[in-house]
Every structure is written in C-alpha cells, then in structure tokens.
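See below for the structure under consideration.
We count ligands from 1, going down the list as the structure has it; atoms in each ligand are counted the same way.
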Amino acid sequence: MARLRGKVALITGGAGGLGSATARRFVEEGCRVAIADVDDDAGESVARELGDDCAFVHNDHLDNDSNAAAVVFAVDTYGGLDILLNNAGAPYTGKIETADDEAVRRSFDSNLLGPFRMTKAAVPALRARARETGKSASILYTASGQAINAKPDISAYTAAKHGVRGLMRSVALELAPDNIRVNCVCPVATDTPLFREMAREMSDSMETTIADFERTVPLGRLARPVDTANAFLFLASDEAEMVTGVALPVDGGMSAY
Ligand SMILES: NC(=O)c1ccc[n+]([C@@H]2O[C@H](COP(=O)([O-])OP(=O)(O)OC[C@H]3O[C@@H](n4cnc5c(N)ncnc54)[C@H](O)[C@@H]3O)[C@@H](O)[C@H]2O)c1
C-alpha cells in the first residue's frame, strides 16, 4: 500500500514517541518525511533507521527562524511540502493554586504557541504545493483527549490543548479556499516518554497509574503510538479530501461518556 505516495511531510517532535511512530507509518505508505526536533541525537537516530525517505532537521518550534529553516529543509530535500504535522509538545502537571508561572508559560508555549508559529511558517509552501498538484495540502495537530475532556491537576496542559483545537478549527476555515485541510487527532494516554513523565509526577507507582488509566478507557487499554499514527495517515491522505476542521478522538471511547 502507498496511501501517501508522492507526498512530503514535515513532523515536529518527530524524534519522540508519537512523532517517530507517525514518521515510520508515513514512510511505509510512500511518504518522504522530514522530522524536526530539538533532540538531535534521537532525531538523527530515527532518520537513520527509516532510511533515505526520512531526514532530520534541528528545530525549536518556538523560534520563527528555526521554523522557516525547517520548511526550507523539507522543500529543498524532497521537492515540496504536502503535510505539516504539529506534534511537538511538553508535559505539565500542577494544581492551579500552586502553579508556577514559568512552568505554565512553558506549557502554553510548547503546546500552543509553537504549533501556531510553525503553522504560520509552513502555509506558503503548503499553498504552493496544493496549487501545483491540484490535491489538497494538509495541516495536522497532535491535540489530546485533554482538548475535548478534562482532568484535574493539569489545567495549563488542558487549556493549551483546548487552544490547539480552537486554532485548528479557525485555521481550517481560513485556509479552505487554498485547498489546505486542517485537522487534529486527540489521543488518550499513550505510553511514551511524555506520558511517563506526567504519570510519574502524578503518582508514586507507574503500574498503579497505568492500571487506573486503563480502567477509565471503555476499550480497556492505553493507546499505542501507532493508533494515533494511523489516524494521521487517514487525515493526511487523499481518502480524507473532504475532511477538514475535525478533532478525531483516538481514545478507546473516552469521549463517548
Ligand atoms: N503520550 C501521551 O499520552 C499523549 C496523549 C495525548 C497527546 N499527546 C501529545 O502528543 C505529542 C507528542 O508527545 P509524545 O507523547 O510523543 O512525547 P515525547 O516526549 O515522546 O515527544 C515529544 C517530542 O517533542 C520534542 N520537542 C519538545 N520541545 C520541542 C520544541 N520546542 N521544538 C521541537 N521539538 C520539541 C521532544 O524533543 C520530543 O522528541 C505532544 O504534543 C503531546 O502533548 C501525548
């Protein structure tokens, strides 16, 4: 199968759990992928593993120059840009009364401002590609179950992820005339380094935390990175050419409650 044959993607946070799983899935389906991340060692290692159809570029998605350079890198390396996946983000836990201002600011920056800035940087290349190919270009965000539901003690993360969903909806309407589709995926807890860091801060026992989470999920398990990667695959492909402005839960039924 080559559901993304001929397409080029740029994935922020591409060295991490969900980003690297999505890069792998996209490459399997014929896409060429530039992974952008602050973590050079992990990013280079993922790119090496995925071969010629994957290349790494250092990126801090909070930095406008770095974002512009990452877009140029994808276009120069692979000849254009069809798909931007804004996936980089950082964990946050803490109660509202004792919240540290700097930690809250970092959560908003990493989970919302970075995706906003990278989107801004990539629109011209995506628009040009949609015109050139006659196919829609695609902007994707890794939101979260926290963009739809809420949990206590992670308010800054929840607020930022709700913001990502709002950003996605507004940009979807703004860019529809350019044939750029804009969607987000809302994964439930997924076993990645980010999840483990948040879980460690919220409980002493990782096993108890995971078991507690799993009991709340109708389908009875955490998500796997590939569950989310498969949702992105559909939304990025031409199969979804009439789908824009959608927040797709990959949550084992959580949002049905
Ligand atoms: N794991 C979960 O349970 C879960 C659930 C829902 C949503 N998410 C979201 O999925 C996304 C990916 O998370 P993950 O679980 O794969 O975490 P992860 O920690 O494995 O990956 C995050 C990646 O983002 C990179 N990154 C951090 N700051 C960056 C910056 N300023 N510029 C560029 N790259 C940066 C990190 O180096 C890392 O490689 C995040 O947006 C997260 O909020 C995760």
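At least one heavy atom of V188 sits closer than 4.0 Å to an atom of ligand 1. At least one heavy atom of P187 sits less than 4.0 Å from an atom of ligand 1. Between D37 and ligand 1 there is a heavy-atom distance shorter than 4.0 Å. In this structure, K161 is part of the shell of residues with a heavy atom less than 4.0 angstrom from ligand 1. Residue-ligand proximity: P193 is placed with a non-hydrogen atom under 4.0 Å from ligand 1. For the pair A189 and ligand 1, a heavy-atom separation below 4.0 Å is found. Every heavy atom of P91 sits 4.0 Å or more from the atoms of ligand 1. Note on ligand 1: V38 sits in its first shell, one or more heavy atoms being nearer than 4.0 Å.
Across all non-hydrogen atoms, the minimal contact from L194 to Y157 is CD2-OH, 4.3 Å.
Atom 9 (C) of ligand 1 has its closest protein heavy atom at T142 CG2, 3.6 Å. At the top of the distance list for atom 11 (C) of ligand 1, counting protein heavy atoms only, stands N87 O, 3.0 Å. Annotation: atom 7 (C) of ligand 1 to nearest protein heavy atom, A143 O, 3.2 Å. For atom 32 (N) of ligand 1, the closest heavy atom belonging to the protein is H61 N, 3.0 Å. For atom 22 (C) of ligand 1, the closest non-hydrogen atom on the protein side is G89 O, 3.9 Å. Of all protein heavy atoms, the one lying nearest to atom 24 (O) of ligand 1 is G13 CA, 3.4 Å.
The residue among N59, T192, N86 with a heavy atom at the shortest distance from atom 15 (O) of ligand 1 is T192. In the candidate list L85, D60, L194, D60 is nearest to atom 31 (N) of ligand 1, counting heavy atoms. Which of L18, T190, L112, L62 comes nearest to atom 44 (C) of ligand 1 through a heavy atom is settled by distance: it is L18.
Contact annotation: the side chain of Q146 approaches that of I154 to within less than 4.5 Å [non-hydrogen atoms, C-beta and beyond]. Annotation: side chain of T190 is not in contact with side chain of F195 (no heavy-atom distance under 4.5 Å). T142 places a side-chain heavy atom less than 4.5 Å from the side chain of F232. Two residues are said to be in side-chain contact when any heavy atoms from C-beta on lie closer than 4.5 Å; R3 and F234 meet this criterion.
In the hydrophobic clustering (ILVMFWY side chains linked at under 4.5 Å, chained through shared members), L113 is joined by L62.
More than 12 heavy atoms of other residues, nucleotides or ligands lie within 6.0 Å of CD in E132, so this atom counts as buried by the packing criterion. Counting heavy-atom neighbours within 6.0 Å of F116 CZ, excluding the residue itself, gives a total of 12 or less.
Near A15, with a cut-off below 4.0 Å to any heavy atom, the atoms of ligand 1 are 39 (O). Each of the atoms 20 (O), 21 (O), 39 (O) of ligand 1 lies under 4.0 Å from some heavy atom of G16.
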Without placing hydrogens or testing angles, list every side-chain donor-acceptor pair under 3.5 Å for residues 69-83, not counting sequence neighbours.
residue: T77; atom: OG1; partner: F73; partner atom: O; Å: 2.6
residue: Y78; atom: OH; partner: D52; partner atom: O; Å: 3.1
residue: Y78; atom: OH; partner: C54; partner atom: N; Å: 3.1
residue: Y78; atom: OH; partner: A55; partner atom: N; Å: 3.3
residue: D82; atom: OD1; partner: R129; partner atom: NE; Å: 3.0
residue: D82; atom: OD2; partner: V8; partner atom: N; Å: 2.8
residue: D82; atom: OD2; partner: R129; partner atom: NE; Å: 3.1
residue: D82; atom: OD2; partner: R129; partner atom: NH2; Å: 3.1

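Ligand 1 has a nitrogen or oxygen under 3.5 angstrom from a nitrogen or oxygen of Y157. The shortest N/O to N/O separation between G17 and ligand 1 falls below 3.5 Å.
Side-chain atoms of N59 and D37 include no donor-acceptor pair closer than 3.5 Å.
Shown are N111, T119, T12, N87; of these, the side-chain hydrogen bond (donor to acceptor under 3.5 Å, both in side chains) with Y141 is made only by T119.
Contact annotation: for A223 versus ligand 1, there are no heavy atoms closer than 4.0 Å.
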**OP:** Dump the intermediate steps for side chain to side chain contact (heavy atoms under 4.5 Å, CB included) on D41 and D39, then the final yes or no.
**Re:** CA-CA 6 Å; D41 289 345; D39 186 338; 4.0 Å; yes
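Hydrophobic clustering (ILVMFWY, side-chain heavy atoms < 4.5 Å, transitive): V185 and V246 are in one cluster.
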